[in-house]
2 protein chains.
Amino acid sequence: MTEQASPSDRSVSAPIKLLLVDDHPLVRDGIRARFEADELIEVIGEAQNGQQALDFVSQKMPDVVLMDVSMPVMNGLEATQHLRHLYPTMPVLILSMHDSREYIQQLVQTGASGYVLKDVSSDELVRAIQTVYQGGSYFSAGVSQMLFQGQVQASEQKQALTPREETVLRHLAEGSSNKEIARALDISVRTVETHRQNIKQKLDIHTAAGLARYAIEQGLVS
Amino acid sequence: MTEQASPSDRSVSAPIKLLLVDDHPLVRDGIRARFEADELIEVIGEAQNGQQALDFVSQKMPDVVLMDVSMPVMNGLEATQHLRHLYPTMPVLILSMHDSREYIQQLVQTGASGYVLKDVSSDELVRAIQTVYQGGSYFSAGVSQMLFQGQVQASEQKQALTPREETVLRHLAEGSSNKEIARALDISVRTVETHRQNIKQKLDIHTAAGLARYAIEQGLVS
DNA sequence: CGATCCCTCCGTAAAACTACGTAGGGGTAT
DNA sequence: ATACCCCTACGTAGTTTTACGGAGGGATCG
């Protein structure tokens with residue numbers, strides 16, 4: 001009978017206060033609609049990008065943040081980093097379409113409490129939210145496998161790209177050749193090649209197409 | 001007082017029967033939830049991919065098909081082509097995340113009655129459905145501009161890829177080299193090269209990264 | 001049957017990319 | 001000042017991709 005809602009008496013007291021972060025109104029509407037009839041979860045706010053999410057959290061503290069990854073202005077990865085820094089205990093559940101390993105690992109290392117793919121059912125989403133609210137971790141089927149596959153060597157290698165490398169990668173992913181990138185950035189082709197080498201080594205990707213794919217998944221282009 | 005519902009008396013008789021085609025349960029749930037309270041539109045079925053959509057349409061004729069583009073098994077473009085062929089008058093409203101020109105033009109030329117981006121509001125989606133049901137066309141803001149920009153020269157060039165070419169492109173966009181693709185498909189490296197050449201020529205793209213980007217935009221991968 | 005398209009494979013040559021190394025200059029942190 | 005990282009650039013070598021050409025077998029359609 002305390003005022004403070006603790007995980008164990010959640011179902012009989014206040015619902016879980018959820019902040020919804022996704023740039024697609026349709027997706028937000030959908031999730032909101034699903035939770036409207038649900039007494040365990042209450043959507044107390046929506047945000048269209050990471051920046052709005054941070055603003056909202058600073059005003060009304062939600063219990064859980066449900067976060068899309070690819071968004072304009074500030075993407076889910078950055079937003080999660082900030083959130084983790086500002087509110088270390090606030091659970092962030094990632095809602096994403098992508099199931100690539102590098103992607104997920106990066107987010108988990110950043111501090112996400114869970115990761116669900118957008119092809120989950122509503123019911124599974126509810127379970128995931130409840131789980132992270134109670135301090136646990138939740139990962140969709142398939143996601144967890146990937147995490148534990150290459151965890152050992154992956155945890156220390158995945159290095160962040162330097163700003164310049166990111167620029168080169170962006171151009172590359174748009175379909176430019178080394179020569180074109182060199183012209184655009186006004187540097188030598190050899191330098192572009194060097195950057196490309198370093199990128200490939202850091203990401204452990206070995207084809208131009210693979211790099212393009214990675215860049216797009218990261219939201220670096222288009 | 002006729003049994004047959006005509007566009008003009010829609011609001012006082014039977015609601016618009018809608019088929020929902022999207023591979024993400026969350027999106028389907030969301031749209032369905034939005035229309036549950038709406039008496040003008042009734043979701044009479046859902047499909048996770050183009051094949052299922054065709055199957056459903058052949059059994060229960062919906063008034064409008066709301067179709068996502070990037071889906072496994074059979075994507076929205078193919079499905080729309082088939083639908084247009086089988087049921088020339090059935091309105092197909094495309095619901096997509098992508099706003100690239102080639103993309104939209106291809107779909108419109110295929111026979112889609114409308115094209116809305118996934119960042120529309122629910123209300124706009126309702127208007128779009130009503131519009132195409134009544135025989136009109138509906139395009140999100142921004143989309144229509146693109147359509148009329150480069151309409152002239154674009155209408156005759158963009159050739160469709162053959163199934164085999166699409167398969168090769170898919171592998172390529174996942175980051176595989178020609179050698180790896182050849183092994184995977186059990187064909188010669190030279191054949192893969194030929195396919196790649198033909199793809200590049202058809203799409204007028206000249207780098208592996210560009211092809212990967214195109215494939216991802218088309219929803220061929222991940 | 002002829003025409004056409006698709007898939008398969010090859011030759012040749014140039015261009016681009018990959019892989020590994022080295023290295024100087026500039027900035028920054030300790 | 002020393003160490004470290006980033007950006008720049010080059011050498012060399014091998015591999016892959018790009019670009020152009022031709023060609024045979026199989027399926028389909030008129």
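All values below were derived from every heavy atom in this structure, side-chain atoms included, with hydrogens, water molecules and symmetry-related copies excluded. Order of the sequence lines sets the chain letters (A, B, ...), proteins ahead of strands, with each chain counted from 1.
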Exercise for review: Using a cut-off of strictly less than 4.0 Å, decide whether S188(A) has a side-chain nitrogen or oxygen near OP1 or OP2 of dT8(D).
Suggested key: no

Revision key, fill the gap. Taken in chain and number order and not counting sequence neighbours, the residues that satisfy side chain to side chain contact (heavy atoms under 4.5 Å, CB included) with T131(A) are Y138(A)

**Study point:** Which residues share a salt bridge (charged side-chain N to carboxylate O under 4.0 Å, His left out) with R28(A), sequence neighbours left out
**Key:** E46(A)

Check your understanding: When all nucleic acid strands are considered with a 4.0 Å heavy-atom cut-off, which category describes H206(A): base, sugar-phosphate, or nothing?
Key -> sugar-phosphate

Nucleotide N/O of nucleotides 25-30 of chain C paired with protein N/O under 3.5 Å:
none

Review point. Does Q197(B) have any side chain to side chain contact (heavy atoms under 4.5 Å, CB included) partners at least two apart in sequence or in another chain, and if so, which?
Key: K200(B)

Point to revise | With sequence neighbours excluded, residues passing salt bridge (charged side-chain N to carboxylate O under 4.0 Å, His left out) with E165(A) | key: K202(A)

Point to revise | Listed nucleotide nearest any side-chain atom of A208(A), set dT18(C), dC7(D), dC7(C) | key: dT18(C)

Review point. How many Å lie between CG on L185(A) and P on dC6(D), as a whole number?
Key: 18 Å

Exercise for review: Return the set of residues passing side chain to side chain contact (heavy atoms under 4.5 Å, CB included) with E42(B) (not counting sequence neighbours), or none when no residue passes.
Suggested key: P15(B), I44(B)

**Study point:** Spacing of Q201(A) atom CD relative to dG21(C) atom C1', expressed in whole Å
**Key:** 12 Å

Practice item. Report the distance from atom CG of L220(A) to atom CD of Q218(A), rounding to the nearest 0.5 Å. Key: 6.0 Å

**Study point:** Atom pair distance, as rounded to whole Å: CD in E180(A) and C1' in dA15(C)
**Key:** 13 Å

Exercise for review: Kindly write out the residues that satisfy salt bridge (charged side-chain N to carboxylate O under 4.0 Å, His left out) with R190(B), not counting sequence neighbours, or none if the list is empty.
Suggested key: E193(B)

**Study point:** Gap between atoms CG and P, on N178(A) and dA19(C) respectively (whole Å)
**Key:** 13 Å

Review point. Mind checking what makes salt bridge (charged side-chain N to carboxylate O under 4.0 Å, His left out) contact with R170(B), not counting sequence neighbours?
Key: E166(B)

List, one per line, each side-chain donor-acceptor pair under 3.5 Å for residues 59-69 of chain A, sequence neighbours excluded.
{"residue": "D63(A)", "atom": "OD2", "partner": "K17(A)", "partner atom": "N", "Å": "2.8"}

Could you go over nucleotides 20-26 of chain D and give all protein N or O partners under 3.5 Å, atom names and distances?
none

Revision key, fill the gap. Separation of dT18(C) atom P from I199(A) atom CD1, nearest Å, is 10 Å

Check your understanding: Given dC7(C), is OP1 or OP2 found less than 4.0 Å from the side-chain N or O atoms of T162(B)?
Key -> yes

Point to revise | Spacing between L203(B) atom CG and dT18(D) atom P, to the nearest angstrom | key: 13 Å

Review point. Taking atom P of dT18(C) as reference, at what distance in whole Å does atom CD1 of I181(A) sit?
Key: 10 Å

Point to revise | Atom-pair distance (CZ on R196(A); P on dG21(C)), nearest Å | key: 20 Å

Point to revise | Counterpart residues, side chain to side chain contact (heavy atoms under 4.5 Å, CB included), relative to T191(A) (two or more places apart) | key: I187(A), S188(A), H195(A)

Practice item. Using a 4.5 Å cut-off on heavy atoms from C-beta on, say whether the side chain of F35(B) contacts that of I129(B). Key: yes

Check your understanding: Using the C1' atoms of the five pairs at each end, what is the angle between the end axes of the helix from dC1(C)-dG30(D) to dT30(C)-dA1(D), to 10°?
Key -> 50°

Point to revise | Phosphate contact (dA15(C) OP1 or OP2) by K179(A) side-chain N/O below 4.0 Å | key: no

Check your understanding: Contact class for S177(A) (heavy atom, under 4.0 Å): base, sugar-phosphate, or nothing?
Key -> sugar-phosphate

**Study point:** Heavy-atom closest pair, residues L169(A) and A215(A)
**Key:** CG-CB, 3.8 Å

